[in-house]
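Just so we're on the same page: letters track the sequence lines, and every chain starts at 1. FYI, side chains are in, hydrogens and waters are out, and symmetry mates aren't considered; it's all heavy atoms of this structure.
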There are 2 protein chains.
Amino acid sequence: MAVHEVLAAVLQVRSGSLQVLLWQRALDPDKGRWSLPGGRLGPAEDVETSIRRQLAEKVDVRQLTHVEQLAVFSAPGRVPGERVVATAFLGLVPCDVDPVLPEDTAWHPVAALPESAFDHDAIVQKARDRLRAKLSYTNLGFALAGREFTVSTLRELYSAALGYRVSATNLQRVLSRRGLLEPTGSTAPPGPSGGRPAALFRFVARGLQVTDPFAVFRPPSPDRPARSARWP
Amino acid sequence: MAVHEVLAAVLQVRSGSLQVLLWQRALDPDKGRWSLPGGRLGPAEDVETSIRRQLAEKVDVRQLTHVEQLAVFSAPGRVPGERVVATAFLGLVPCDVDPVLPEDTAWHPVAALPESAFDHDAIVQKARDRLRAKLSYTNLGFALAGREFTVSTLRELYSAALGYRVSATNLQRVLSRRGLLEPTGSTAPPGPSGGRPAALFRFVARGLQVTDPFAVFRPPSPDRPARSARWP
DNA sequence: CCGGGTTTTCGCCTAACAAGCGAAAACGGG
DNA sequence: CCCGTTTTCGCTTGTTAGGCGAAAACCCGG
């Protein structure tokens with residue numbers, strides 16, 4: 001018999017850095033420290049429904065472009081007092097929205113977290129690592145970007161999330177070849193210092209999908225060109 | 001307030017197919033159906049400690065070469081009666097052991113599961129998918145293989161786990177290039193019908209490690225040859 | 001309206017890796 | 001000692017990531 005809570009590390013790229021949504025605890029334990037949004041699992045909801053419901057108190061749910069389970073945190077003494085088992089989530093918000101936040105809530109760069117409550121910093125690290133990994137072999141970028149964007153802004157998003165500078169040329173090429181990116185046809189107005197107007201792109205699909213080229217030892221499949229189809 | 005249980009899909013390649021450890025329920029609910037090993041989370045243990053403890057009743061724990069969290073299953077009605085939230089695990093057993101099993105326990109091919117209890121079949125599917133994915137971009141094969149093996153037997157393991165025939169040549173090449181495989185120097189005795197004796201190999205590391213070549217958009221790093229290190 | 005500065009986009013090239021194929025190597029058995 | 005069998009290795013090909021620089025397309029000031 002244990003209390004079950006759900007917690008989410010909601011990430012967004014803001015002003016060039018990857019940030020996480022935290023709220024400051026008004027009561028003990030860990031009063032004054034920053035913790036992840038979430039709360040107790042209700043009796044008639046599964047964990048994903050629950051975290052979406054609880055996040056609605058912090059941000060508009062419709063602005064959450066992606067939610068996925070991260071892991072269970074269950075060390076016996078992870079919170080003082082009663083035993084609490086937590087299911088942690090990764091949530092993503094696109095860069096073109098700026099949700100109104102409650103008083104006690106604010107964004108913090110994941111690279112410089114404030115004093116955080118309990119084991120919540122470990123959860124944030126895990127969320128960041130998951131995001132970084134999935135940017136490489138999925139179309140998860142759609143959850144960070146707006147509906148339409150230029151390659152330059154997409155480059156800034158990837159650079160901020162990954163923690164290192166990414167080549168815009170290569171980014172466009174790789175995502176295009178994988179069939180994840182498509183041009184809208186129109187262009188964005190050039191910046192104040194001029195320059196060629198950038199073409200607008202969008203992600204072909206806005207749901208998570210994995211690119212399988214990372215799957216090796218593949219069998220020759222009928223849909224792929226089938227480099228040659230004979231097996232011992 | 002909900003009961004928390006831990007469940008594990010323990011997989012092993014046996015007689016050429018991927019199989020999962022199940023036990024047959026002697027009591028209602030779902031009497032007679034097959035379910036995953038596991039049980040209630042104890043008050044002083046985290047979920048991984050708990051699943052390892054509970055699996056010890058089924059198989060010798062030292063034979064478990066890999067254990068990882070899969071996901072939380074928490075649909076309100078997933079088991080009748082009291083609310084039960086489950087943390088599901090993937091467990092792997094190398095092919096060269098054959099644990100003694102309790103009466104009610106047996107291996108079943110994941111491709112042809114018997115009538116299984118509750119949502120346990122969904123957990124098994126998820127475990128299978130996770131294994132298949134990780135075989136491609138990690139050294140997880142070490143958990144399926146024995147300490148030493150020939151390329152042919154490794155090929156059979158990968159073929160069984162992935163569900164399609166794998167080229168032995170390519171398997172050895174890819175794993176070697178990634179620095180995961182090394183020859184022991186000795187050879188295995190040839191089969192009854194003769195043939196060149198096969199060289200024995202082992203995995204360099206027996207803990208899980210990810211091969212990053214699947215990470216794209218990488219920065220030029222000092223350790224890698226650094227094709228050329230200049231950035232705009 | 002023409003040229004300089006700026007930003008984006010595209011083409012060409014290279015490197016790395018997966019993958020297929022066939023020849024050679026290394027055994028046992030008649 | 002030749003033959004069938006199994007393994008291993010080298011050669012080659014196709015695909016993808018990645019780097020570099022030129023051309024394209026805009027603004028603005030003279």
Out of [options], which nucleotide sits closest to the side chain of [X]?
X	options	answer
A:Arg196	D:dA17, D:dA23, D:dT8	D:dA23
B:Pro197	D:dA24, C:dA26, D:dA17	C:dA26
A:Pro190	D:dC9, C:dT9, D:dC27	D:dC27

(request) Find which nucleotide of DNA chain D each of A:Thr187 and A:Arg177 is nearest to by heavy atoms, and output the residue with the more 5' nucleotide. (result)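 Counting from the 5' end, the first nearest nucleotide belongs to A:Arg177.
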(request) Nearest-nucleotide wise, let me know which of B:Ser193 and B:Thr169 is further upstream toward the 5' end of DNA chain D. (result)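 Checking each residue's closest nucleotide, the 5'-ward one belongs to B:Ser193.
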(message) Are there over 12 heavy-atom neighbours, none belonging to B:Arg147, within less than 6.0 Å of that residue's CZ?
(response)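 Counting other residues, nucleotides and ligands, CZ of B:Arg147 stays at 12 neighbours or fewer.
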Which whole-number value in Å describes the distance from [X] [atom1] to [N] [atom2]?
X	N	atom1	atom2	value
A:Leu135	D:dA17	CG	P	15 Å
A:Leu181	D:dA17	CG	P	13 Å
A:Arg155	D:dG19	CZ	P	12 Å
B:Asn170	D:dC9	CG	C1'	14 Å
A:Phe201	C:dC10	CZ	P	7 Å
B:Tyr158	C:dA18	OH	P	13 Å
A:Leu171	D:dG19	CG	C1'	15 Å
B:Gln172	D:dT6	CD	P	18 Å

(request) Using a heavy-atom cut-off of under 4.0 Å over every strand shown, decide if A:Ala168 touches base, sugar-phosphate, or nothing. (result)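 Nothing, no nucleic acid heavy atom in range.
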How many angstroms lie between atom [atom1] of [X] and atom [atom2] of [Y], to the nearest 0.5 angstrom?
X	Y	atom1	atom2	answer
B:Leu22	B:Thr105	CG	OG1	9.0 Å
A:Ile51	A:Leu90	CD1	CG	11.0 Å
A:Leu181	A:Arg173	CG	CZ	13.5 Å

(message) Here's a test for you: under side chain to side chain contact (heavy atoms under 4.5 Å, CB included), which of B:Leu70, B:Val47, B:Asp46, B:Val6 qualifies with A:Val72?
(response)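 Result for side chain to side chain contact (heavy atoms under 4.5 Å, CB included) with A:Val72: B:Val47.
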(message) Is the distance from the ring center of A:Phe203 to that of A:Phe149 below 6.0 Å?
(response)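 Yes, they do, as the ring centres are separated by less than 6.0 Å.
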(request) Determine, stepwise, if the pair B:Ser186 / B:Thr184 fulfils side chain to side chain donor-acceptor pair (under 3.5 Å). (result) CA-CA 6 Å; B:Ser186 53; B:Thr184 67; 3.1 Å; yes
(message) With each end axis built from five pairs of C1' atoms, what bend angle do you get for the helix from C:dC1-D:dG30 to C:dG30-D:dC1? Round to 10°.
(response)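 Roughly 20° between the end axes, to the nearest 10°.
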(message) Looking at the base of D:dA17, is there any donor atom on it, or on the side chain of A:Arg173, that sits under 3.5 Å from an acceptor on the other one?
(response)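 Answer no: no donor N or O sits under 3.5 Å from an acceptor.
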